[in-house]
Q: 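Below: one structure in structure tokens.
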Amino acid sequence: MSDTNPHEAANSDFIRDFIKEDLASGRFKEVRTRFPPEPNGWLHIGHTKAFHIDFSIAADFGGTCNLRFDDTNPEKEDLSYVEAIKRDIKWLGYDWKDREFFASDYYEKLYDFAVKIIHKGQAYVDDLNDEEIREYRGTNVPDKNNITLTPPGRNSPYRERSVEENLRLFARMRAGEFADGEKTLRAKIDMAHPNLIMRDPVMYRIRREPHYRTGTTWVIYPMYDFQHPLSDAMEGVTHSLCSLEYEIHRPLYDWFIREAEVFPSRQIEFSRLNITHTVLSKRWLLRLVKEGYVLGWDDPRMPTLAGLRRRGYTPEAIRDFLGRIGVAKTDSYVDVQLLEFCLREDLNKRSRRVMAVLNPLRLVIENWPEGKVEELEAVNNPEDPVAGKRLIPFGRELWIERDDFQEVPQPKYFRLFPGNMVRLRYGYIVTCTGFSKDPETGMVTELRCTYDPATKGGDAPDNRKVKGTIHWVSAAHAVQLEARLFDHLFPAERPMDVAPGIDWLATMNKDSLKRVSGWGEPILATTEPGDRFQFERLGYFARDPDSVDGVPAFNRSVSLRDTWAKIEKKGS
RNA sequence: UCCCCGGUUGUGUAAUGGUAGCACAGCAGACUCUGGAUCUGCUUGUGGGGGUUCGAAUCCUCCCUGGGGAACCA
């Protein structure tokens with residue numbers, strides 16, 4: 001990708017500073033990074049921060065970034081996730097060229113490294129089961145209430161097996177001579193280490209589970225802590241960038257590199273992305289899907305890349321966002337409004353304008369001849385002259401937005417009310433002469449206006465001030481459409497911070513999707529899924545792949561900035 | 001409890017011993033055939049105490065406070 005984002009070019013960050021030091025000191029001669037997704041779920045906006053950092057830093061330093069699937073857990077991984085992840089990364093505009101790797105391709109080499117470490121007397125086969133391991137580690141009761149002490153762990157009774165016995169046992173583990181969970185291979189480090197990660201971590205486990213790539217070739221699988229540093233080293237990764245949760249794993253990362261005597265990759269950690277009104281936890285997102293709170297992983301309300309894409313987000317907007325949020329070690333919560341700002345800014349420049357009415361009210365122009373139709377010229381995009389112009393039909397009966405009429409106008413309201421004049425965008429200036437009401441409900445059913453023939457196109461030859469301009473659609477030519485209006489899935493700014501004892505699902509916005517039926521310009525009948533428009537005065541919309549009974553559906557990607565809404569809110 | 005890592009306007013992020021800046025949000029105004037866009041201006045910040053220094057967001061120290069960790073997941 002050609003990176004033109006000024007924000008990331010201009011700013012330095014602590015990772016880039018480290019890299020500059022490493023290059024200056026000669027610790028590394030080049031920069032290689034990697035993005036290591038586990039193929040067990042869909043990519044969301046949080047992951048994009050990680051791979052944006054990996055790819056853009058490599059690009060900044062003239063280096064490369066590998067895509068490596070960290071697929072060492074056969075129980076959760078699947079080829080379909082690999083495909084989805086690749087599709088999403090490509091869509092965002094990042095290119096790993098031919099550097100596509102799989103940790104599962106390294107199984108044989110990793111096994112050899114394990115043997116090497118056993119030879120050095122730094123690993124042993126343990127017969128303890130998972131519960132016993134935890135107990136021996138000295139912390140059988142994880143306690144968030146800070147009551148328990150952390151005693152030093154105790155050595156496993158199998159810790160002092162001879163190298164020969166360990167070698168023999170490990171080979172038998174691989175050969176499938178033991179049941180799942182019966183034995184593990186553990187690094188022999190220090191059971192009294194203050195960092196519990198270092199208390200003889202498990203390197204290999206036995207699991208008779210077919211792997212999506214290696215099938216039933218293996219019954220032992222390497223653990224992340226063992227596999228990751230060695231995979232990095234084998235690929236010559238200089239800077240292994242990951243999120244803060246791995247910070248306490250770094251001593252172990254370095255330990256395996258030292259003991260295996262391989263390329264000294266360096267791990268650097270940064271804080272992961274949080275966004276207000278959004279959850280970015282795989283587990284939470286899975287529950288939303290599984291329990292039907294959303295329509296699927298690609299529901300436009302989801303923070304998944306698939307969801308954002310369907311919602312109408314552009315790769316450019318997301319990349320701009322990623323350049324603006326920065327990189328640091330502070331736990332951060334980025335305002336979702338920044339993401340929305342980036343989208344508006346991008347879409348404002350590039351999307352065609354079109355008129356659509358989503359809450360229709362009939363307007364009749366009393367002095368317009370029955371049956372007469374005129375074609376009026378409209379600008380496709382005032383921000384982009386190249387986008388050209390189009391013709392839209394105008395007639396005696398129009399649909400306008402119900403909100404654009406008030407029987408008794410509130411202060412500062414300058415749209416339609418009895419006696420007031422507004423401009424119909426690209427049409428004529430009209431004056432409201434009356435309206436009808438449903439006697440039962442009190443709802444306004446129809447508006448009547450007269451038009452001024454001298455104002456064709458919307459220009460007032462006498463320079464009279466017309467404060468309001470409203471959008472409209474000719475009723476005789478209107479195309480029916482469905483608009484899907486979204487609100488945050490979570491009303492709380494920080495939905496993950498739920499009070500103890502409260503199920504976060506109970507805090508969800510029950511009304512985050514509104515489907516409304518409306519009318520649009522004729523051109524909207526010929527759109528394709530994925531097409532993006534600005535519906536003037538309403539927001540940016542993207543045509544959804546889905547449609548009901550041939551009525552095209554449009555997702556509101558983001559609303560327009562709405563100054564009036566603020567005025568209205570203050571007035572109430 | 002122990003170990004690790006953080007705390008700069010509402011939010012995010014710069015300043016690497018020398019004028020605390022930028023963006024979003026917010027507020028006010030200008031302009032406008034989208035109450036859009038654009039433009040202008042404004043408010044708000046170095047968690048606290050002590051120390052080093054001519055000078056501290058930055059270095060030292062104590063405290064306060066937030067996050068992470070104790071999987072045969074990654």
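In the text below, chain A, chain B and the rest are named by the order of the sequence lines, each starting its count at 1.
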Q: Side-chain donor or acceptor of A:R415 under 3.5 Å from a matching atom on the base of B:G35?
A: yes

Q: With a 4.5 Å cut-off on side-chain heavy atoms, are A:C342 and A:Y313 touching?
A: no

Q: Consider ring-ring contact (aromatic ring centres under 6.0 Å, His included). Of A:Y81, A:F102, A:F101, A:F35, which one does A:F69 pass it with?
A: A:F102

Q: Phosphate oxygens OP1/OP2 of B:A14: is one of them under 4.0 Å from a side-chain N or O of A:S12?
A: no

Q: Sticking with atom C1', work out how far B:A15 lies from B:A23, rounded to a whole angstrom.
A: 15 Å

Q: Taking N or O atoms only and anything under 3.5 Å, show me the protein contacts with nucleotides 17-20 of chain B, one pair per line.
A:
none

Q: In terms of the angle between their ring planes, are A:Y221 and A:Y107 parallel, tilted or perpendicular, with boundaries placed at 30° and 60°?
A: perpendicular

Q: Under the side-chain contact (heavy atoms from CB on, under 4.5 Å) test against A:L67, which residue among A:V82, A:D54, A:I89 passes?
A: A:I89

Q: Taking RNA chain B as the partner, which of residues 331-346 of chain A come within under 4.0 angstrom of it by heavy atom?
A: A:D331, A:S332, A:Y333, A:V334, A:D335, A:Q337, A:L338, A:F341

Q: Out of A:T469, A:D562, A:D404, which one pairs with A:R537 under the side-chain hydrogen bond (donor to acceptor under 3.5 Å, both in side chains) rule?
A: A:D404

Q: Is the shortest side-chain N/O distance from A:T563 to OP1 or OP2 of B:G36 below 4.0 Å?
A: yes

Q: Under the side chain to side chain donor-acceptor pair (under 3.5 Å) rule, collect the residues that match up with A:H193, sequence neighbours excluded.
A: none

Q: Looking at residues at least two apart in the chain, or sitting in another chain, which of them share a side chain to side chain donor-acceptor pair (under 3.5 Å) with A:D17?
A: none

Q: Among A:V354, A:L347, A:L485, which residue meets the side-chain contact (heavy atoms from CB on, under 4.5 Å) test with A:F541?
A: A:L485

Q: If you draw a 6.0 Å radius around NZ in A:K389, do more than 12 non-hydrogen atoms from other residues or ligands fall strictly inside?
A: no

Q: Expressed in whole Å, how much space separates the P atoms belonging to B:C64 and B:U1?
A: 10 Å

Q: Would the number of heavy atoms belonging to other residues, nucleotides or ligands and lying under 6.0 Å from CZ of A:R283 be above 12?
A: no

Q: A:Y253 vs A:H228 aromatic rings, parallel, tilted or perpendicular, using cut-offs 30° and 60°?
A: tilted

Q: Report the stems of RNA chain B as range-with-range entries sorted by first number; a stem here is at least three consecutive pairs, Watson-Crick or G-U wobble, both distances under 3.5 Å, and write none if there are none.
A: B:2-7 with B:64-69, B:10-13 with B:21-24, B:26-30 with B:38-42, B:47-51 with B:59-63

Q: Using a cut-off of less than 4.0 Å, is there contact between a side-chain N or O of A:R353 and OP1 or OP2 of B:G36?
A: no

Q: Please list residues of residues 245-254 of chain A whose heavy atoms come under 4.0 Å from any atom in RNA chain B, ordered by number; otherwise none.
A: A:E245, A:Y246, A:E247, A:I248, A:H249

